[in-house]
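First comes the structure, then the notes that go with it.
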Amino acid sequence: MRVVIAEDNVLLAGGLELLLTAKGFEVAAIAGDAAAFLAAVAEHRPDVTIVDVRLPPGFRDEGVRAAIEARRLHPGLPVLVLSQYVERQYAGELVSDGRGGVGYLLKDRVGRVSEFVDALRRVAAGGTVMDPEVIAQLLTRPAHDPIAALTPREREVLALMAEGKDNATLATRLVITDNAVHKHIGNIFTKLGLSPADSGHRRVLAVLTYLSRQ
């Protein structure tokens, strides 16, 4: 599986390369800025990319903007974004195209090797992976927002859905029946004005897209 990395920190980039190589990935290129990343994606057509939110020269949002542009140029390109902090606007914007294959993790997750590699594989396969801290901040909405209409249990279900958990996992984690999970999900979509027919990562994208636009 070919990977292109956009990371200007030489030590972190080198560490990622060693880690991924040891896990059977092929690191096709490491880019130090947004322009180099876009060029590397065009040249290598990777199976998945890893992008730091902040890249030279401004160290503001160059990385995530490059990720969004890369997905525009190469629809469906899997992108796993790494950030030191939660950037709410960009976390929502990344998933708003509804194509899947996106992830947003805080950098401390890289140290948890098995979690990080699993997340990268899930993104490469078209899934959606969101750091729990990102989800928590996306779910923090003004009182007038429709999210306020959800019950505490429905908020728990929604948070787990946004992490990419399936119904069986939801039932196990919350110690409720499959029918109860199905009912909660139906209520969530109804209250948020979203179709209950969405399934898999698409339902996660629908929820996050809605939240990102509030």
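Values below: all heavy atoms of this structure, side chains included; hydrogens, waters and symmetry mates excluded.
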Distance in Å, [X] [atom1] paired with [Y] [atom2], rounded so as to fall on 0.5 Å steps:
{"X": "Thr177", "Y": "Leu170", "atom1": "OG1", "atom2": "CG", "result": "12.0 Å"}
{"X": "His74", "Y": "Glu69", "atom1": "NE2", "atom2": "CD", "result": "8.5 Å"}
{"X": "Glu7", "Y": "Lys107", "atom1": "CD", "atom2": "NZ", "result": "4.0 Å"}
{"X": "Glu26", "Y": "Leu20", "atom1": "CD", "atom2": "CG", "result": "11.5 Å"}
{"X": "Glu115", "Y": "Asp118", "atom1": "CD", "atom2": "CG", "result": "8.5 Å"}
{"X": "Glu17", "Y": "Ile30", "atom1": "CD", "atom2": "CD1", "result": "4.0 Å"}

How far apart are the closest heavy atoms of [X] and [Y], and which atoms are they?
{"X": "Val41", "Y": "Pro46", "value": "O-CD, 3.7 Å"}
{"X": "Phe37", "Y": "Ala31", "value": "N-CB, 3.3 Å"}
{"X": "Ala34", "Y": "Glu62", "value": "CB-O, 3.9 Å"}
{"X": "Leu160", "Y": "Arg173", "value": "CD2-NH2, 3.5 Å"}
{"X": "Ala40", "Y": "Val4", "value": "CB-CG1, 3.9 Å"}

Counting only N and O atoms by type, is there a donor-acceptor contact under 3.5 Å from the side chain of [X] to the main-chain atoms of [Y]?
{"X": "Arg122", "Y": "Val129", "value": "no"}
{"X": "Asp61", "Y": "Val64", "value": "no"}
{"X": "Asp47", "Y": "Arg2", "value": "yes"}

Item to check | Full working for side-chain contact (heavy atoms from CB on, under 4.5 Å) between Lys23 and Leu120 | outcome: CA-CA 11 Å; Lys23 293 296 181 179; Leu120 187 61; over 6 Å; no

Do [X] and [Y] make a side-chain contact, defined as non-hydrogen atoms from C-beta onward lying under 4.5 Å apart?
{"X": "Leu12", "Y": "Asp52", "answer": "no"}
{"X": "Val79", "Y": "Val51", "answer": "yes"}
{"X": "Arg153", "Y": "Ile176", "answer": "yes"}
{"X": "Asn167", "Y": "Ile185", "answer": "yes"}

May I ask whether [X] and [Y] are part of the same hydrophobic cluster, defined by side-chain heavy atoms of I, L, V, M, F, W, Y residues being less than 4.5 angstrom apart, directly or through others?
{"X": "Val113", "Y": "Leu82", "answer": "yes"}
{"X": "Leu106", "Y": "Phe59", "answer": "no"}
{"X": "Val53", "Y": "Leu55", "answer": "no"}

Checklist outcome for this item: Given the options Leu105, Thr49, Val3, Leu80 meets side-chain contact (heavy atoms from CB on, under 4.5 Å) only with Leu105

Next on the checklist: Apply side-chain contact (heavy atoms from CB on, under 4.5 Å) to residues Phe116 and Ile50 and explain how you reach the verdict.
Outcome noted: CA-CA 11 Å; Phe116 175 70; Ile50 301 172; 3.9 Å; yes

